[in-house]
Amino acid sequence: MPTTLIAFLGACTLIAASPGPSTVLIIKQSLHSRRSGFLTVLGNETGVFIWGVVAALGLTALLTASEIAYDVMRIGGALVLVAFGIQTLRQARRTKGAAADGGWESTGRTGWAAYRAGLLLNLANPKAAVFALSFLPQFVPEGAPHLLTMVGLAALWAVYEVGYYGLYVWFVGRLRAVLSRAGVRRRLEQVSGGVLLLLGVRMALES
């Protein structure tokens with residue numbers, strides 16, 4: 001079991017290190033405040049745990065078996081990404097001309113909105129569901145109770161990523177003196193918004 005856990009955490013690190021919509025959103029939210037960034041992380045990891053539980057119950061197999069269900073969720077996820085991208089670009093426009101001090105916290109999201117954004121983005125991604133179904137069973141030791149072990153692994157996965165992505169939030173916070181400048185933050189928000197838009201378009205066009 002210890003060997004399995006080490007391998008599992010190593011795989012979790014590789015997953016978290018792969019850039020994706022969640023990473024972009026977490027960094028973007030952290031530009032406003034550490035609180036917004038961390039609550040976005042918690043929302044994202046709640047989604048990770050939910051998908052893990054769903055996979056443990058075998059329900060994500062229905063998603064992979066039904067092309068229509070997968071496509072509906074894929075298009076829905078693409079719309080969510082595009083909406084986040086547009087919202088980020090609009091925030092970048094509002095940041096234009098703002099003073100370097102005083103704007104850092106004032107344009108940040110409320111705690112619930114930041115948490116909800118992270119949760120929604122994760123749950124709207126059908127790849128997260130399919131990945132949980134294919135990833136978690138590989139680390140269930142032979143003879144172990146399948147359901148309980150997968151739920152436990154999903155919880156460990158989520159907690160581990162809270163710590164991993166928490167480093168992103170901390171790092172952005174450490175650069176606050178630079179990133180709080182209106183021009184710098186506006187440029188970063190423009191990049192984040194553009195990336196989210198492109199990811200949304202790519203998801204919509206994928207088959």
Shortest non-hydrogen contact from V48 to E161? CG2-OE1, 3.9 Å
Can you name the residues that form a side chain to side chain contact (heavy atoms under 4.5 Å, CB included) with A78, not counting sequence neighbours? M203, A204
With rounding to the nearest 0.5 Å, note down the distance linking CZ in R174 to CZ in R34. 7.0 Å
Heavy atoms of G37 and S30 approach each other most closely as CA-OG, 3.4 Å
Under 3.5 Å, side-chain donor or acceptor atoms of residues 9-22 against the rest of the protein: list the pairs with distances, not counting sequence neighbours.
residue: T13; atom: OG1; partner: L9; partner atom: O; Å: 2.9
residue: T13; atom: OG1; partner: Y160; partner atom: OH; Å: 2.3
residue: S18; atom: OG; partner: L14; partner atom: O; Å: 2.9
residue: S22; atom: OG; partner: N44; partner atom: OD1; Å: 2.6

Classify the ring geometry of F8 against F135: parallel below 30°, tilted from 30° to 60°, perpendicular beyond 60°. parallel
For V82, the hydrophobic cluster (side chain heavy atoms closer than 4.5 Å, chained through members) also holds I86, L89, L197
Consider only side-chain heavy atoms of I, L, V, M, F, W and Y, link residues closer than 4.5 Å, and tell whether L5 and W157 are in one cluster. yes
Can you tell me how far the CG atom of L31 sits from the CG atom of L175, to the nearest 0.5 Å? 10.0 Å
Tell me every residue that passes side chain to side chain contact (heavy atoms under 4.5 Å, CB included) with I50, counting only those two or more places apart in sequence or in another chain. T46, V54, L119, L123
For A124 against V80, the heavy-atom pair lying closest together: CB-CG2, 3.9 Å
Output for pair (I75 CD1, L205 CG), nearest 0.5 Å, gives 8.0 Å
Spell out, yes or no, whether L57 and W51 are grouped together once hydrophobic residues are joined by side-chain heavy atoms under 4.5 Å, including indirect joins. yes
When rounded to the nearest 0.5 angstrom, what is the spacing between OG1 in T40 and CG in N122? 12.0 Å
Please list, chain by chain and in numerical order, all residues satisfying side chain to side chain contact (heavy atoms under 4.5 Å, CB included) with V24, sequence neighbours excluded. S192, V195, L196
I'd like to know if the side chain of S134 and the backbone of F131 have a donor-acceptor N/O pair within less than 3.5 Å. yes
Heavy atoms of H146 and P137 approach each other most closely as CE1-CB, 4.5 Å
Checking ring pair (Phe, Tyr, Trp, His ring centres under 6.0 Å) for the pair Y165/Y168: CA distance, chi angles, key distance, verdict? CA-CA 5 Å; Y165 287 124; Y168 284 47; 5.6 Å; yes
As an exercise, state the distance from CG of L136 to CG of L156, rounded to the nearest 0.5 Å. 10.0 Å
F49: which residues meet the ring pair (Phe, Tyr, Trp, His ring centres under 6.0 Å) condition with it, sequence neighbours left out? none
Write down the atom of A154, the atom of G52, and the distance for their closest heavy-atom approach. CB-CA, 3.7 Å
Spacing of OH belonging to Y164 relative to CD belonging to E45, to within rounding of 0.5 Å: 12.0 Å
Any residue meeting side chain to side chain contact (heavy atoms under 4.5 Å, CB included) with L42, in chain and number order, not counting sequence neighbours: F38, L39, Y115, V162
My understanding is that a hydrophobic cluster links ILVMFWY residues whose side chain heavy atoms are under 4.5 Å apart, including indirect links. Using that, what else belongs to the cluster containing V159? none
Are L148 and V53 linked, directly or through other ILVMFWY residues, by side chains that come within less than 4.5 angstrom of each other? no
